[in-house]
Amino acid sequence: MIHGSCLCGGVRFEFPRAVTPVGMCHCSLCRKASGTASNAVLLAPKVELRWLAGEALLQTFTRPTGWGTTFCRTCGAPMPHPHPSGGAYYVPAGCLDDDPGVAVGGHIFVGSKAPWDEISGSAPQFDERPPAR
């Protein structure tokens, strides 16, 4: 089981498996939401993610475009956010307490990354979204 929590420990959750590698998004919205060079997330099936504590502490911010982020309203830490498909959660890799057993699979929106951002590693990089499979 993979466990996660917010900075204050008020929100806790678990899920049995990641269904994607870690994705790194370098767009300006993800940079603002994470406060870092990119937003590192993986997907967990919605039916498999279980809230252990603090679900009432979750707050979601949604832009008029539909883009949104979920965070702990006490400490501000990013928390799992529903995927637009409704069948999964974007899980911020930084809030995991356990090794999810997956590595970085790729970087998206590299074409709009911050000028000070230096990407390392051999994972593929895409100026925007990767091509459809």
Side-chain angles (χ1 to χ4, degrees):
M1 197 62 70
I2 303 164
H3 295 89
S5 60
C6 65
L7 187 59
C8 71
V11 179
R12 293 183 295 112
F13 60 92
E14 68 181 10
F15 58 99
R17 64 192 175 102
V19 295
T20 62
V22 174
M24 307 291 289
C25 182
H26 298 265
C27 79
S28 63
L29 297 175
C30 284
R31 288 196 312 268
K32 288 182 183 289
S34 68
T36 63
S38 61
N39 197 3
V41 298
L42 51 84
L43 288 180
K46 186 174 184 175
V47 297
E48 295 180 6
L49 189 139
R50 190 169 72 120
W51 298 104
L52 302 175
E55 192 173 1
L57 295 175
L58 296 175
Q59 179 75 42
T60 298
F61 169 77
T62 306
R63 292 175 55 96
T65 60
W67 184 95
T69 184
T70 301
F71 53 92
C72 171
R73 102 169 47 116
T74 301
C75 65
M79 290 286 99
H81 182 76
H83 186 274
S85 71
Y89 280 101
Y90 287 118
V91 179
C95 69
L96 298 178
D97 300 325
D98 300 310
D99 180 356
V102 294
V104 173
H107 300 264
I108 62 172
F109 293 100
V110 172
S112 62
K113 72 178 184 64
W116 44 263
D117 183 3
E118 294 184 17
I119 300 172
S120 62
S122 60
Q125 298 181 25
F126 304 95
D127 279 347
E128 293 186 355
R129 294 190 182 278
R133 293 182 193 190

Problem set entry | Single-linkage hydrophobic cluster Tyr89~Phe71, side-chain heavy atoms < 4.5 angstrom | no
For this session: Group every Ile, Leu, Val, Met, Phe, Trp and Tyr by side-chain heavy-atom contacts under 4.5 Å, then state whether Val91 and Leu43 land in the same group.
Result: no
Exercise. Does Arg17 reach the main-chain N or O of Pro45 with its side chain, forming a donor-acceptor pair under 3.5 Å?
Worked result: no
Problem set entry | Qualifying salt bridge (Lys or Arg N to Asp or Glu O under 4.0 Å) pairs, either residue in residues 93-114, two or more places apart | none
For this session: Mind listing the closest non-hydrogen atom pair of Ser38 and Arg31 along with its distance?
Result: N-CG, 4.4 Å
Problem set entry | Same cluster (ILVMFWY, side-chain, under 4.5 Å), Val11 and Leu96 | yes
Problem set entry | Minimum side-chain heavy-atom gap Pro82-Lys46 below 4.5 Å | no
For this session: Check the pair His3, Leu52 against side chain to side chain contact (heavy atoms under 4.5 Å, CB included), reporting the backbone distance first and the verdict last.
Result: CA-CA 9 Å; His3 295 89; Leu52 302 175; 4.1 Å; yes
For this session: Provide the closest heavy-atom pair for Pro21 versus Val102 in the form atom of the first, atom of the second, distance.
Result: CA-CB, 3.9 Å
For this session: Please list, chain by chain and in numerical order, all residues satisfying side-chain contact (heavy atoms from CB on, under 4.5 Å) with Thr74, sequence neighbours excluded.
Result: Cys8, Leu57, Cys72
For this session: Spell out, as yes or no, whether a donor-acceptor pair under 3.5 Å connects the side chain of Arg73 to the backbone of Leu58.
Result: yes
Exercise. Measuring from Glu48:CD to Met1:CE, what's the distance to the nearest 0.5 Å?
Worked result: 8.5 Å
Exercise. Can you find a heavy atom in the side chain of Thr69 that is under 4.5 Å from one in the side chain of Asn39?
Worked result: no
For this session: Could you grab the distance from atom SG of Cys27 to atom CD of Glu128, nearest 0.5 Å is fine?
Result: 11.0 Å
For this session: Evaluate the side-chain proximity of Ser5 to Phe13: yes if any heavy-atom separation is below 4.5 Å, no if none is.
Result: no
For this session: Considering non-hydrogen atoms only, spot the tightest contact between Met24 and Ala40 and give its length.
Result: SD-CB, 3.4 Å
Exercise. Do the side chains of Trp51 and Arg12 get nearer than 4.5 Å, heavy atoms only?
Worked result: no
Exercise. So, do Ile119 and His26 sit near enough that their side-chain heavy atoms are less than 4.5 Å apart?
Worked result: yes
Exercise. Where does the angle between the aromatic ring planes of Tyr90 and His81 fall among parallel (under 30°), tilted (30 to 60°) and perpendicular (over 60°)?
Worked result: parallel
Problem set entry | Minimal non-hydrogen separation, Ala33 against Pro78, with atom names | O-CG, 4.4 Å
Seminar exercise, completed: Checking Pro124, Cys30, Pro130 against Ile108 for side chain to side chain contact (heavy atoms under 4.5 Å, CB included), the one that qualifies is Pro130
Exercise. When clusters are formed by joining ILVMFWY residues with side-chain heavy atoms under 4.5 Å apart, either directly or through shared neighbours, do Val104 and Val41 land in the same one?
Worked result: no
Exercise. Cluster question for you: counting only ILVMFWY and a side-chain heavy-atom cut-off of under 4.5 Å, with indirect links fine, are Val19 and Leu42 together?
Worked result: no
